[in-house]
Protein chains: 2
Amino acid sequence: MHTVLIADDHTLIRESLRNMLEPLDDFSIVADVANGFDALVAVKKWKPSVLLLDVAMPDATGIEVVVDTQRWSPQTKIIIYTGVTSGAPLQQLIDSGIHGLLFKDSDSAHLIKALREVTHNHSYFDDKLSSVLAEQEAVGNLTEREKQVLSQILAGKTNRDIALLLNISIKTVDNHRTRLMNKLGAHSVSDLLRIAIKTGFIHPDTL
Amino acid sequence: MHTVLIADDHTLIRESLRNMLEPLDDFSIVADVANGFDALVAVKKWKPSVLLLDVAMPDATGIEVVVDTQRWSPQTKIIIYTGVTSGAPLQQLIDSGIHGLLFKDSDSAHLIKALREVTHNHSYFDDKLSSVLAEQEAVGNLTEREKQVLSQILAGKTNRDIALLLNISIKTVDNHRTRLMNKLGAHSVSDLLRIAIKTGFIHPDTL
DNA sequence: GCCTCCATAGGGTATTCACCCTAATTGAGG
DNA sequence: CCTCAATTAGGGTGAATACCCTATGGAGGC
């Protein structure tokens with residue numbers, strides 16, 4: 001029998017996670033908490049087999065909870081459960097040595113599979129993660145100039161606009177544009193925007 | 001002396017709202033709550049001059065809290081405080097007769113101005129609201145076919161792709177494209193994406 | 001010194017897009 | 001029956017973009 005601690009600041013999600021896991025014979029939920037501070041208290045108290053952790057929570061960030069959990073309860077397997085698909089913060093979490101990662105749009109089957117994998121000392125990472133991190137890396141490989149041009153393309157500027165803004169020739173902008181689209185594997189402005197949002201290059205709210 | 005009730009599920013935001021308002025001589029915070037249910041209980045108990053309300057909360061949606069507040073405490077002025085800029089839900093809130101609306105990226109000066117305006121029986125709506133609602137209306141005026149074409153453009157398809165998909169000629173797609181861009185006042189795919197996200201036509205996470 | 005990467009700029013061509021126009025068909029509503 | 005909006009399709013033009021290529025100057029690494 002494995003023990004599970006749920007940490008998510010959304011009551012609705014905590015409840016649906018409970019509903020998913022309670023029918024299972026091999027897992028038992030010891031507690032659910034709504035913020036990072038309570039999560040750490042509960043980890044120290046229960047030392048659960050698995051910590052199901054939302055990254056975005058009040059009082060303590062995901063990475064802080066992960067580090068302290070590893071210190072106080074090293075046997076606890078940590079599964080990150082996130083709605084954010086921005087690459088930058090994800091890379092940090094993965095480097096910190098978590099055991100699994102799920103995106104919030106995955107179904108209960110994937111969640112249960114993740115739980116069983118980590119309790120058997122395997123890791124479980126969402127299939128989408130590799131593509132997110134690949135795109136994250138690709139954006140990181142853009143040169144400064146290419147990033148500047150990308151920003152302007154996303155802002156709806158034409159090559160001529162960008163050339164005037166940066167005081168370079170239209171053909172130079174065209175070259176930067178071609179190279180950055182190759183690097184990102186994009187074939188349209190829509191592709192660029194999708195990648196830019198997924199990787200956290202730009203934030204949807206600032207559009 | 002006016003009384004203020006704060007309702008927001010994020011502890012951090014509640015605290016920062018408190019910090020903003022406590023130095024003011026003409027306002028006093030009677031309570032802050034973290035969900036819609038507690039908000040209604042507090043409204044009935046305190047009958048505050050102003051309700052500062054986040055739309056996205058557990059247990060009761062913003063519109064429910066607004067309607068019940070108007071029933072149980074009609075003298076209470078309601079200021080909506082939202083991070084969501086999607087037009088559809090906003091229109092419903094405005095129609096329900098709230099007194100003010102702020103987006104979460106506005107600063108404390110605007111918040112204080114909104115409080116003073118509504119307590120003097122004026123209304124206060126964020127400047128961005130009009131553009132959001134205008135774009136919302138524009139998207140609503142698109143025909144079904146135009147919406148289909150818009151979706152495909154946003155997905156990165158070319159006119160040729162869309163023509164094949166919908167079994168119509170490229171010129172027809174071109175016509176739909178031209179008309180929808182006119183209706184939305186867009187001049188680039190980036191403009192389309194920005195409007196589509198702002199109006200809730202597509203959700204950033206599904207990109 | 002040599003080599004690589006970056007930014008710069010241009011040639012050339014094919015495709016795509018933006019924006020103007022007309023026009024036939026269809027279906028819903030007055 | 002007539003009208004209007006929507007959908008369909010096309011003509012035509014100019015701009016913008018995608019993708020191929022070469023080439024030069026400078027900065028940094030070895």
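Given the structure is predicted, the values throughout are model-derived calculations rather than measurements. We use all heavy atoms of the structure for the numbers below, so side chains are in, but hydrogens, waters and symmetry mates are not.
- Heavy-atom contacts from other residues, nucleotides or ligands closer than 6.0 Å to CZ of A:Arg71 number 12 or fewer.
- For the pair A:Ser151 (side chain) and A:Lys147 (backbone), a donor-acceptor distance under 3.5 Å is present.
- Under a 3.5 Å cut-off, the side chain of B:Thr76 and the backbone N or O of B:Pro48 do form a donor-acceptor pair.
- Nearest approach of B:His176 to B:Ile168, heavy atoms of both residues: CD2-CD1, 4.4 Å.
- Atom CD of residue A:Glu64 and atom OG1 of residue A:Thr69 lie 11.0 Å apart, to the nearest 0.5 angstrom.
- Interface limits on DNA chain D: the 5'-most and 3'-most nucleotides within less than 4.0 Å of chain B heavy atoms are D:dA6 to D:dG12.
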What string of B, S and - do you get for nucleotides 25-30 of chain C, 5' to 3', when a contact is any protein heavy atom under 4.0 Å? ------
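- Heavy atoms only, all atoms of each residue included: B:Pro74 and B:Trp72 are closest at CD-C, 3.7 Å.
- Looking only at atom types and distance, the side chain of A:Asn175 has no donor-acceptor partner in the side chain of A:Thr178 under 3.5 Å away.
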In the 5'-to-3' direction, what one-character label does each nucleotide of nucleotides 3-19 of chain C receive under the scheme B = base within less than 4.0 Å of a protein heavy atom, S = sugar-phosphate only, - = no such atom? ---SSBBBBB---SSBB
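- For B:Asp174 and B:Arg177, the salt-bridge test fails: no basic side-chain N is under 4.0 Å from an acidic carboxylate O.
- No more than 12 heavy atoms of other residues, nucleotides or ligands sit less than 6.0 Å from atom NE2 of B:His110.
- Across every non-hydrogen atom of A:Asp191 and B:Ala155, the tightest pair is OD1-O, 4.5 Å.
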